[in-house]
Protein chains: 2
Amino acid sequence: MGRGRVQLKRIENKINRQVTFSKRRSGLLKKAHEISVLCDAEVGLIVFSTKGKLFEYANDSCMERILERYERYSFAERQPVPTAQTSMGSWTLEHAKLKARLEVVQRNQKHYAGEDLESLSMKELQNLEGQLGSALKHIRSRKYQLMHESISMLQKKDKLLQEQNNQLSKKVKEREKELAEQNQETNSSSFVLPQHLDSPHLGGEAYDNGEVEGGNSQQETATNTVMPQWMLRHLNN
Amino acid sequence: MGRGRVQLKRIENKINRQVTFSKRRSGLLKKAHEISVLCDAEVGLIVFSTKGKLFEYANDSCMERILERYERYSFAERQPVPTAQTSMGSWTLEHAKLKARLEVVQRNQKHYAGEDLESLSMKELQNLEGQLGSALKHIRSRKYQLMHESISMLQKKDKLLQEQNNQLSKKVKEREKELAEQNQETNSSSFVLPQHLDSPHLGGEAYDNGEVEGGNSQQETATNTVMPQWMLRHLNN
DNA sequence: CCAGCTATATATAACGA
DNA sequence: TTCGTTATATATAGCTG
């Protein structure tokens, strides 16, 4: 949009980036509002600028409500709050401790996320770098493990399906044979059926969607050769 | 946009509303992505359709991280609330909330450290990988920034010291000259001192540790050419 | 950083398949 | 629901104040 085509890439010129951010931000907010009104949708939009400034949009219901709904939706594991009530006296102490711990952990987490690095010394930075590097190694290893599991499972299923296909192929053959015999009985003057329907390539590499005449429709739906969704889920989910 | 002008009002025709929702939703997500890339912003977008289906966008860092940042940001605004309440009942609530948050954050942190990855899906793993990658980039960038700062500071100091050395070198020369003249006055029969002590290469590129005879010891310690500890602190601390 | 302008790039409403 | 097409409506990049 605008005078020149734009590449989907970080705008290096700081001024331009800021101006574009301002303009596009208002555009985005407008669009968010429009879809919420036009389509009766609930929309929550959060934008942090590079410098950490917050901008947000939420339709009539406030952001908090949307976020709650979101968490409810995505994390059905809403933890039933662990309320082992200790004695009242130690509450304040407990509370303060908890707060302090939360702060420490959060500060740590920021560092893990590469934020607030100004307060760290060279040594600490190097430590952090090492930790993140090793974490990345673990994550990648886990990713490959997952992929391997999915692959071997798919291979298993593949084998199973091929066996099923072979059996069905046999059945189809038998049916055709029966049919041919019947035809010979009831109409002895007719020619023998040609053989070109014999092996419909079940179990081969290429399947086409053309229906195999002679198989009954129930079996056909039951043995659809298209991979069911649940088998692929592991790879994308 | 499109064939007809549109009113900012709920679309009554159900079909049209659904179609428009689908189209605008993808448009909105695209725009959100664009601004996040072009302007280096952190964007989180949550959309619930009328029928309650969830759609979301979050740039490289996952939605959870953005929401946490959001809560951290808006925490300040919500501060006055708990202090005003103060009834015992709300205290337990606060406490429970705090506890839950701590748990969430700690679980997150484990993931950042590459632990407890079994519960994560492929998509989440890839997100995490991206986050850690970007964090590492920030950390390395900060490291290099620190090193550059240290280097330029050292260069500055180096220049300063060289100037001091030059001045001191001059002084030494003068002293020697004075000494020579004194010697001539008090002992006119002695030879003139040889000149090989003249310029001990101060201000040149290479310094050796050989002491410069003739300088007085006080000045010598003051202008020690070994880098003082405070100058190196940035690099190791 | 905001407002306004203009030429273009994009988004999308209506429609058909 | 989704996809493609087309005519238009909008958004916005680059500039100027």
Side-chain angles (χ1 to χ4, degrees), chain A residues 1-59 73 208-211 221 224 226-233 235-237, chain B residues 1-59 73-74 77 123:
Chain A
M1 302 153 174
R3 299 288 179 101
R5 190 167 282 148
V6 95
Q7 304 239 359
L8 197 59
K9 187 190 158 195
R10 181 188 139 111
I11 298 172
E12 291 306 333
N13 182 298
K14 204 173 159 187
I15 304 292
N16 278 353
R17 176 152 28 99
Q18 170 54 38
V19 173
T20 293
F21 178 69
S22 174
K23 287 186 175 183
R24 277 180 177 260
R25 171 165 42 83
S26 69
L28 190 60
L29 262 58
K30 187 182 172 194
K31 291 259 175 219
H33 177 61
E34 285 178 355
I35 197 176
S36 83
V37 173
L38 290 173
C39 309
D40 195 25
E42 202 163 40
V43 178
L45 174 60
I46 295 171
V47 181
F48 283 101
S49 73
T50 310
K51 290 178 300 187
K53 198 167 176 187
L54 168 68
F55 303 86
E56 60 178 306
Y57 169 80
N59 56 313
Y73 194 104
D208 61 24
N209 249 345
E211 306 221 335
T221 33
N224 193 332
V226 171
M227 290 292 170
Q229 202 53 36
W230 65 265
M231 261 198 264
L232 299 170
R233 201 168 302 154
L235 282 174
N236 301 317
N237 186 4
Chain B
M1 307 154 173
R3 301 286 179 103
R5 190 168 282 146
V6 95
Q7 304 225 9
L8 197 60
K9 187 190 156 194
R10 181 188 140 110
I11 298 172
E12 291 305 334
N13 181 299
K14 202 175 160 187
I15 303 293
N16 279 352
R17 174 152 29 98
Q18 170 53 37
V19 172
T20 294
F21 178 70
S22 174
K23 288 185 174 182
R24 279 182 176 258
R25 169 164 44 83
S26 69
L28 189 61
L29 261 58
K30 187 180 173 192
K31 290 259 176 220
H33 177 62
E34 285 178 356
I35 197 176
S36 84
V37 172
L38 290 173
C39 308
D40 196 24
E42 202 163 40
V43 178
L45 173 61
I46 295 171
V47 182
F48 283 102
S49 72
T50 310
K51 290 179 299 186
K53 198 167 177 186
L54 167 68
F55 302 87
E56 61 178 306
Y57 170 80
N59 57 314
Y73 195 102
S74 59
E77 295 162 19
K123 208 171 202 168

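Naming: A, B, ... by sequence-line order, numbering from 1 per chain.
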Novice: Specify the angle, to 10°, made by the local axes at the two ends of the helix from dC2(C)-dG17(D) to dA17(C)-dT2(D) when five pairs are taken at each end.
Specialist: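 Comparing the first five pairs with the last five, the axes sit 40° apart.
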
Novice: Tell me which of S26(B) and V19(A) sits closer to the 5' end of DNA chain C, going by the nucleotide each one is nearest to.
Specialist: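 The answer here is V19(A).
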
Novice: State which residues pass side-chain contact (heavy atoms from CB on, under 4.5 Å) with S26(A); sequence neighbours excluded, sorted by chain then number.
Specialist: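 Residues passing side-chain contact (heavy atoms from CB on, under 4.5 Å) with S26(A): none at all.
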
Novice: Nearest nucleotide by nearest heavy atom, which residue falls closer to the 5' end of DNA chain C, K23(B) or K30(B)?
Specialist: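 Final value for this comparison: K30(B).
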
Novice: Do you know the tightest heavy-atom contact between S49(A) and A41(B)?
Specialist: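 Smallest heavy-atom distance, with atoms named: CA-CB, 4.4 Å.
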
Novice: Less than 4.0 angstrom between a side-chain N/O of R3(A) and OP1 or OP2 of dC5(C), yes or no?
Specialist: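 R3(A) to dC5(C) OP1/OP2: no side-chain N or O under 4.0 Å.
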
Novice: Applying side-chain hydrogen bond (donor to acceptor under 3.5 Å, both in side chains), can you list everything that pairs with R17(B), at least two apart in sequence or on another chain?
Specialist: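 Applying side-chain hydrogen bond (donor to acceptor under 3.5 Å, both in side chains) to R17(B) gives none.
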
Novice: Which residues within residues 8-18 of chain A lie with some heavy atom under 4.0 Å of an atom in DNA chain D?
Specialist: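 Hits under 4.0 Å, by residue number: none.
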
Novice: Starting from C1' on dA13(C), measure out to CZ on R25(B) and report it in whole angstrom.
Specialist: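 Between C1' of dA13(C) and CZ of R25(B): 17 Å.
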
Novice: Report, as yes or no, whether the 6.0 Å neighbourhood of atom CG on L8(A) holds more than 12 heavy atoms from other residues, nucleotides or ligands.
Specialist: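 More than 12 heavy atoms, drawn from other residues, nucleotides or ligands, come within 6.0 Å of this atom.
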
Novice: dT12(C) phosphate, OP1 or OP2: any side-chain N/O from T20(B) under 4.0 angstrom?
Specialist: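 Result: no.
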
Novice: Nearest-nucleotide wise, let me know which of K31(B) and S22(B) is further upstream toward the 5' end of DNA chain D.
Specialist: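 Nearer the 5' end of the strand: S22(B).
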
Novice: Under 6.0 Å from the CD atom of Q7(A), do we count more than 12 heavy atoms belonging to anything else shown?
Specialist: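 No - once you tally the heavy atoms of other residues, nucleotides and ligands closer than 6.0 Å, there are 12 at most.
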
Novice: Going 5' to 3' along DNA chain D, which nucleotides are the first and last within contact of chain B (any atom under 4.0 Å from a heavy atom)?
Specialist: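 First and last nucleotides in contact are dT1(D) to dT12(D).
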
Novice: Which atoms form the tightest heavy-atom contact between D40(B) and T50(A), and what is the distance?
Specialist: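 Result for this residue pair: O-OG1, 3.1 Å.
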
Novice: Considering residues at least two apart in sequence or located in another chain, which fulfil the side-chain hydrogen bond (donor to acceptor under 3.5 Å, both in side chains) criterion with R24(B)?
Specialist: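 Result, side-chain hydrogen bond (donor to acceptor under 3.5 Å, both in side chains) vs R24(B): E34(A).
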
Novice: Just how far, in rounded Å, is C1' of dA11(C) from CG of L29(B)?
Specialist: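 So the two atoms are 14 Å apart, to the nearest Å.
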
